[in-house]
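All ligand and atom numbering here is 1-based and tracks the order in the structure.
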Amino acid sequence: MSKEYDVVIIGSGPGGYVCAIRCAQLGMKTAIIEKYKTLGGTCLNVGCIPSKAWLDSSEKYHELVHQFQDHGINANKVEIDFPKMSERVQKVVSDTCGGIDYLMKKNKIDVYRGHGSFVDAHTIKIKGDKEESIKGKNIVIATGSKPSSIPGLKIDKERVITSTEALKLPSLPKSMIVIGGGVIGLEMGSVFMRLGTKVSVVEYADSCIATMDKDMGKNLQKVLKKEGMEFYLGHGVTKVEGLKTKAKVTAKAKKDDKEVNLEADYVLVAVGRKPYTDGLGLENIGIELDERGRVPSDDHLRTKHSHIYAIGDVTKGAMLAHKAEEEGVFVAELMNGQKPHINYLLVPGVVYTWPEVASVGHTEQQLKDQKIAYKTGSFPFKASGRARASNESDGLIKVLADKETDEILGVHMVGPRCADLIAEAVLAMEFRASAEDVARTCHAHPTYTESFKEACLAATENRALHI
Ligand code: FAD
Ligand code: NAI
């Protein structure tokens with residue numbers, strides 16, 4: 001007889017494991033299935049956590065070599081111990097994944113190791129060391145995503161690689177071509193550039209991080225260019241060749257068809273990710289994928305079967321860990337009879353380069369397209385005492401507010417610690433604050449947060465105090 005659960009979750013990424021915890025907190029008998037050796041999904045194993053660990057190590061080195069002198073600190077003979085750096089990253093990953101094992105045990109969640117697939121709408125077969133089946137009154141598909149590629153491009157995982165391989169390179173490359181100037185391209189590109197690799201970014205769009213507010217991409221690109229990153233914006237890749245010790249890329253400029261030929265130790269392909277549903281047996285329960293390979297779900301994240309849900313990267317919406325987590329909690333509470341809500345407009349986006357980029361709400365372009373009358377207020381970090389004290393004057397905060405009501409409609413920032421600063425903007429918008437509400441809130445001096453207050457003052461009645 002198959003063991004029966006109130007809920008069976010397939011996939012243990014931030015969507016799946018958070019969903020499991022919330023289900024268990026609400027008293028449901030819960031099982032989670034994971035095909036990899038460790039829990040935590042893309043985010044913990046080959047995504048958010050290792051990439052941030054690399055970003056942190058490389059940032060420390062870069063600061064030591066390039067910025068400490070300005071503070072009157074001379075460091076001689078600074079060396080990179082690449083294997084040690086890599087080892088630290090792997091330790092961070094294994095410790096963090098181990099933490100999820102602990103959380104599963106603590107919440108009495110049964111963990112099944114193996115590949116899960118639908119036999120019917122209530123039964124999941126698990127192929128691991130042994131084969132077994134379990135049943136769920138409710139089932140949550142949280143199988144995440146995998147790197148995607150360009151038609152005709154072969155990712156050999158040796159010279160032509162994805163972020164997964166880039167996180168575990170055996171030695172520091174001399175040169176790297178990054179295809180795609182989006183989030184992964186610029187974060188991983190920054191890691192290697194800071195450590196001394198020559199990094200060239202080939203991006204089809206005319207700006208980097210093209211889906212974010214245009215001013216952010218422009219500002220970030222200026223800083224990265226100054227630090228030595230090379231950009232081929234508005235270039236379409238026509239050929240990629242992985243050789244024994246090198247890789248080559250040919251790209252054409254959109255505006256005049258001029259060809260560029262690049263060669264490097266590695267080509268990192270970072271052109272987006274695609275939902276992962278291989279071998280899930282969706283055909284056995286009559287679920288067809290949408291045009292982008294996603295599991296279709298409604299506003300309550302239900303598939304065509306009302307007891308089967310899809311959350312995180314495998315379904316519609318931004319491919320972000322915190323979006324997956326929110327959805328995990330959402331479906332758990334929904335199954336429990338509650339009426340949860342997710343405000344997707346307020347899911348923040350962050351790029352962990354330095355300066356960091358962060359954004360929430362509408363961009364100017366979206367407000368224009370929707371014909372919403374708005375006003376803007378900006379504050380440059382160079383006018384912040386705190387930023388000057390820390391030699392971190394690049395960037396700005398831009399606030400978009402409703403022209404009539406002053407309600408904050410969008411906040412976009414590029415600069416120091418923006419990944420953390422954006423939380424205040426999210427909270428303000430969650431409570432539908434006006435720009436003046438934030439402007440009248442006392443912010444400690446000297447902090448980076450004052451820059452948000454100043455941008456709000458600028459948006460309220462153009463009355464920033466320090467510009
Ligand atoms: P995943 O994390 O992909 O987890 C899905 C899990 O399901 C996997 O463990 C997989 O093995 C398992 N699985 C799949 N099919 C089956 C099956 N049939 N049976 C059993 N198990 C199965 N997002 C951020 O918000 N912030 C960041 O800083 C960030 N950095 C990133 C950096 C990189 C390099 C990458 C690649 C991604 C990054 N992301 C980041 C995106 C983030 O990792 C994803 O949005 C997030 O992991 C999605 O969570 P998920 O639970 O939907 O799926
Ligand atoms: P992305 O969508 O951010 O960027 C891909 C870029 O590749 C785009 O700018 C696109 O114009 C470009 N591109 C596509 N085809 C191209 C071609 N043929 N030639 C040149 N350029 C081309 O995707 P990315 O960076 O791969 O990241 C995947 C997902 O992972 C993102 O959706 C993101 O949400 C998530 N992620 C989030 C992070 C964060 O929150 N900090 C960090 C890393 C990943």
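- Close contacts between ligand 1 and Tyr352 involve ligand atoms 28 (O) [criterion: under 4.0 Å to a heavy atom].
- The cationic group of Arg302 does not satisfy the cation-pi geometry with Tyr309, failing either the under 6.0 Å distance to the six-membered ring centre or the 45° limit from the ring axis.
- Residue contacts with ligand 1 leave out Gly279, since none of its heavy atoms falls under 4.0 Å from the ligand.
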Show me a pair-per-line table, with atom names and distances to 0.1 Å, of protein N or O atoms that are under 3.5 Å from an N or O of ligand 2.
residue  : atom   : partner : partner atom : Å
ligand 2 : 3 (O)  : Val183  : N            : 3.2
ligand 2 : 9 (O)  : Glu203  : OE1          : 2.7
ligand 2 : 9 (O)  : Glu203  : OE2          : 3.2
ligand 2 : 11 (O) : Glu203  : OE2          : 2.6
ligand 2 : 21 (N) : Tyr204  : N            : 3.2
ligand 2 : 23 (O) : Gly272  : N            : 3.4
ligand 2 : 25 (O) : Val183  : N            : 3.3
ligand 2 : 25 (O) : Ile184  : N            : 2.8
ligand 2 : 26 (O) : Gly272  : N            : 2.8
ligand 2 : 34 (O) : Met319  : O            : 2.8
ligand 2 : 40 (O) : Val350  : O            : 3.4
ligand 2 : 41 (N) : Glu187  : OE2          : 2.8
ligand 2 : 41 (N) : Val350  : O            : 2.7

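- Near Gly312, with a cut-off below 4.0 Å to any heavy atom, the atoms of ligand 1 are 52 (O).
- For the pair Lys52 and ligand 1, a heavy-atom separation below 4.0 Å is found.
- Aromatic ring orientation, His307 versus His122: parallel (interplanar angle below 30°, classes split at 30° and 60°).
- Short contacts between ligand 1 and Gly41, defined as distances under 4.0 Å to a heavy atom of the residue, involve ligand atoms 2 (O), 4 (O), 8 (C), 9 (O).
- Residue-ligand proximity: Ser145 is placed with a non-hydrogen atom under 4.0 Å from ligand 1.
- Close contacts of ligand 1 with Ser163, meaning ligand atoms under 4.0 Å from a residue heavy atom, involve 34 (C), 36 (C).
- Within the listing of ligand 1, atoms 14 (C), 15 (N) sit less than 4.0 angstrom from a heavy atom of Tyr276.
- A heavy-atom separation below 4.0 Å is found between Val46 and ligand 1.
- At least one heavy atom of Arg273 lies less than 4.0 angstrom from ligand 1.
- Distances below 4.0 Å separate heavy atoms of Gly116 from the following atoms of ligand 1: 17 (C), 18 (N), 19 (N), 20 (C).
- Near Gly114, meaning under 4.0 Å from any of its heavy atoms, are these atoms of ligand 1: 19 (N), 20 (C).
- Residue Gly328 places every heavy atom at 4.0 Å or more from ligand 1.
- A heavy-atom separation below 4.0 Å is not found between Val314 and ligand 1.
- Checked by atom type and distance alone, the side chain of Thr143 pairs as donor or acceptor with a backbone atom of Tyr276 at under 3.5 Å.
- Figure legend: cation-pi geometry between Lys254 and Tyr204, with NZ or CZ positioned under 6.0 Å from the six-membered ring centre and within 45° of its axis.
- Those atoms of ligand 1 that come under 4.0 Å of a heavy atom in Ser51, given as number and element, are 32 (C).
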